[in-house]
Amino acid sequence: MSAPRYHVIAGVVFLAPALSCSLGLMLVVFGLSLAKDLRAAQVNAKPPNIIFILADDLGYGDIGAYGQKHFRTPRLDQMAREGIRFTQYYAGSTVCAPSRSVLMTGLHSGHTRIRGNGNVPLDYGDLTLAEILKKKKYDTCALGKWGLGEAGSTGLPNLQGFDEWFGFLNQKKAHNHFPEVVWRNQQLWQFPENSEGKQGLFIHYKFTDAAINYIKTPREAPFFLYLAYTLPHKHVIAPTAKPYKDEKWPEPQKMLAAMIYRLDRDVGKILNALDDQGLSEETIVFFCSDNGPHNQEGIDPGFFRSSGPFRGIKRDLYEGGIRSPMIVRWKGKIQPGQTSDQVWAAWDVFPTLTELAGLKVPLGLDGESMVEPLLNGKIKKHAPLYWEFHEKGFHQAARMGDWKAVRHGVDASLELYDLSIDPGETQDVSSSNRRMIKKIESYLASARSDSREWPLP
């Protein structure tokens, strides 16, 4: 059940012309502080339910609302019409595990514990998003793909703030969309329909069923549902290629579109469940991807323009590898039909949800709260953004205003792009902007901390 509603009534302060400048300034500052306190009070009055839906390897251009023309995503397009569509949101990394670690910890890939795919787990000392929401008595549930700790490790979802967990711990096992077993809390859950190589149960459907059951469960406390779908990550397979089986496309592209069709349809089922339960005005829903599109198993990201207008794919630090769709819906709180150019990233999710829950944002995070852009539609200036990537050498990227720098190698020169006029990163302008190069070099020198698990080459 919902918490009781509270109403905040604010008085109006009139400033007489004869007041001194110092007193006037003090009242202006007081007014700004009051506005912030009122916003916090509004959130504190009734912490919302939170649903965070994370797609797997979905490109920026794989949604109709972001320019996809070849196949349809009607429910995500509808979600965008009912909420706000961000055009400059970034994933935490260009591959799965570090992107999820960034999301859970509020630390970018130069500070978060997991900076690449592998078997490094979260530790007990890592404060996760689920753990901080528990301070506000949230019920917490994670479904789908975890990738932040194997069985027996400190990184298990149930040891990192989640009351309920159902899905894949191991990322490679999450490649199988017809698994024989997945984890239910800390025990294995059997699917005899998929034993001996049979493909009787598409696991994606189970994640959706579990999410809807969780939404329908009566409770007094608010809830946080982290729904990390495994679509459209490889293996590139769906129960059938419908509704695209008759298209004159290569078979892998048909299957990819069919996977995204099912992802889109099931996001719609989640939103329908909220509407049916009368929870849509009490629940904020986020939808985004963990990184750019992949090019495996015969998939050509250029066929559907999955990266949109951007250069690069998964495992690149160019925009196509890290720029992600981000759609947010909260009926009655977020004005529908908005498009925002606010620059933000996955490490901002932690402080944003923390503030939405009415909690104080902890010190030491890399992220910034985006509650004001979400609720008021205002654009705020963001601190520089940072990424690092450790496959096939060491790669770095940073965004500072409209300037984007990319480096391939510890001692390599920086490439520089002006995203305001060249979002496709086609023209390296480093040679004519040495001052900006020097500024970004200075930032990069202090943007990261050393890691035993992810040492520099």
Side-chain angles (χ1 to χ4, degrees), residues 88-95 97-99 101-103 105-118 120 291-292 310-324 342-351 363-368 380-457:
Q88 298 197 68
Y89 171 82
Y90 289 91
S93 181
T94 188
V95 292
S99 187
S101 182
V102 167
L103 183 69
T105 63
L107 302 173
H108 63 51
S109 55
H111 291 144
T112 199
R113 183 174 301 279
I114 301 170
R115 305 187 189 185
N117 285 340
V120 177
N291 47 247
F310 305 118
R311 173 185 180 182
I313 59 173
K314 180 178 181 178
R315 290 186 170 81
D316 291 327
L317 290 179
Y318 297 112
E319 296 289 286
I322 52 178
R323 184 101 61 118
S324 164
Q342 173 68 55
V343 175
W344 62 304
W347 51 95
D348 297 318
V349 171
F350 189 118
L363 298 176
L365 300 182
D366 291 315
E368 307 174 19
K380 61 182 286 186
K381 186 177 180 180
H382 200 289
L385 281 69
Y386 176 83
W387 299 265
E388 64 181 51
F389 184 50
H390 292 261
E391 290 186 19
K392 297 181 180 179
F394 177 68
H395 311 267
Q396 287 178 298
R399 177 167 176 171
M400 191 175 289
D402 287 326
W403 296 101
K404 168 80 177 296
V406 180
R407 171 154 53 203
H408 307 290
V410 174
D411 299 318
S413 300
L414 285 176
E415 302 170 10
L416 185 67
Y417 304 95
D418 183 352
L419 297 180
S420 66
I421 57 175
D422 182 25
E425 296 169 294
T426 61
Q427 298 293 322
D428 178 2
V429 294
S430 56
S431 61
S432 57
N433 291 276
R434 303 312 302 174
R435 195 175 195 178
M436 181 53 63
I437 288 289
K438 187 174 181 181
K439 187 175 181 180
I440 295 177
E441 287 278 14
S442 177
Y443 166 68
L444 292 176
S446 59
R448 69 181 306 276
S449 60
D450 291 333
S451 167
R452 182 182 62 186
E453 293 86 4
W454 312 102
L456 295 182

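Numbering starts at 1 and runs along the sequence shown.
The main-chain N or O of Glu368 is found under 3.5 Å from a side-chain atom of Asp348 such that the two form a donor-acceptor pair. Proximity of a side-chain donor or acceptor of Trp347 to a complementary backbone N or O of Thr112 within less than 3.5 Å is not detected. Of the possible polar contacts, none joining the Asp418 side chain to the Trp403 backbone as a donor-acceptor pair under 3.5 Å is found.
Summarising the geometry of Ala97 relative to Asn117, their closest heavy-atom pair is N-OD1, 2.9 Å, with the distance given to 0.1 Å. Ala398 approaches Leu444 most closely through the heavy-atom pair CB-CD2, 3.9 Å. Nearest heavy-atom pair, Gly92 versus Ser99, reported as atom, atom and distance to 0.1 Å: N-OG, 3.5 Å. Minimum heavy-atom separation, Thr105 to Ser101: OG1-O, 2.8 Å. Nearest approach of Val120 to Trp454, heavy atoms of both residues: CG2-CZ2, 3.9 Å. The minimum heavy-atom distance between Pro457 and Val410, with the atom names listed, is CD-CG2, 3.7 Å.
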Check: Could you walk me through whether Ile322 and Asn291 pass the side-chain contact (heavy atoms from CB on, under 4.5 Å) check?
Finding: CA-CA 5 Å; Ile322 52 178; Asn291 47 247; over 6 Å; no
Note to self: Applying side-chain contact (heavy atoms from CB on, under 4.5 Å) to Asp422 and Val429, what does each step give before you reach the verdict?
What the structure shows: CA-CA 10 Å; Asp422 182 25; Val429 294; over 6 Å; no
Note to self: Working note: His108 + Phe350, criterion ring-ring contact (aromatic ring centres under 6.0 Å, His included); need CA distance, chi angles, decisive distance, verdict.
What the structure shows: CA-CA 11 Å; His108 63 51; Phe350 189 118; over 10 Å; no
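One distance of note links NE2 of His390 with CD of Gln396; it measures 8.5 Å at 0.5 Å rounding. For the atom pair CH2 of Trp344 and CG of Leu385, the computed distance is 12.0 Å after rounding to the nearest 0.5 Å. If you take CG on Leu416 and CZ on Arg434, they are separated by 9.0 Å, rounding to the nearest 0.5 Å. Here NE2 of His111 is found 11.0 Å from OG of Ser451. Values are rounded to the nearest 0.5 Å.
His395 is not listed as a side-chain neighbour of Arg315, based on a closest heavy-atom distance of 4.5 Å or more. Side-chain contact between Val102 and Trp387: absent, with no pair of heavy atoms (C-beta onward) separated by less than 4.5 Å. Using a 4.5 Å heavy-atom cutoff, the side chains of Leu419 and Gln88 are not in contact. Side-chain contact between Tyr386 and Asp366: absent, with no pair of heavy atoms (C-beta onward) separated by less than 4.5 Å. Looking only at side-chain heavy atoms (C-beta outward), Leu414 and Val406 stay at 4.5 Å or farther from each other. Residues Tyr318 and Thr94 form no side-chain contact, since every pair of their non-hydrogen atoms from C-beta on lies 4.5 Å or further apart.
Within a 6.0 Å radius of NZ in Lys438, no more than 12 heavy atoms belonging to other residues, nucleotides or ligands are found. Atom CD of Glu391 is surrounded by more than 12 heavy atoms from other residues, nucleotides or ligands within 6.0 Å. In the displayed structure, Arg435 atom CZ is contacted under 6.0 Å by at most 12 heavy atoms of other residues, nucleotides or ligands.
The pair Arg448-Asp450 counts as a salt bridge, with a side-chain nitrogen and a carboxylate oxygen less than 4.0 angstrom apart. By the 4.0 Å N-to-carboxylate-O rule, Arg115 lies close enough to Glu388 to be salt-bridged with it.
Between the side chains of Ser93 and Ser109, not a single donor N or O lies within less than 3.5 Å of an accepting N or O. Side-chain contact, Tyr90 with Glu319: a donor N or O sits under 3.5 Å from an acceptor N or O.
Partner of Glu425 under the salt bridge (charged side-chain N to carboxylate O under 4.0 Å, His left out) criterion, out of Lys404, Arg399, Arg323: Lys404 alone.
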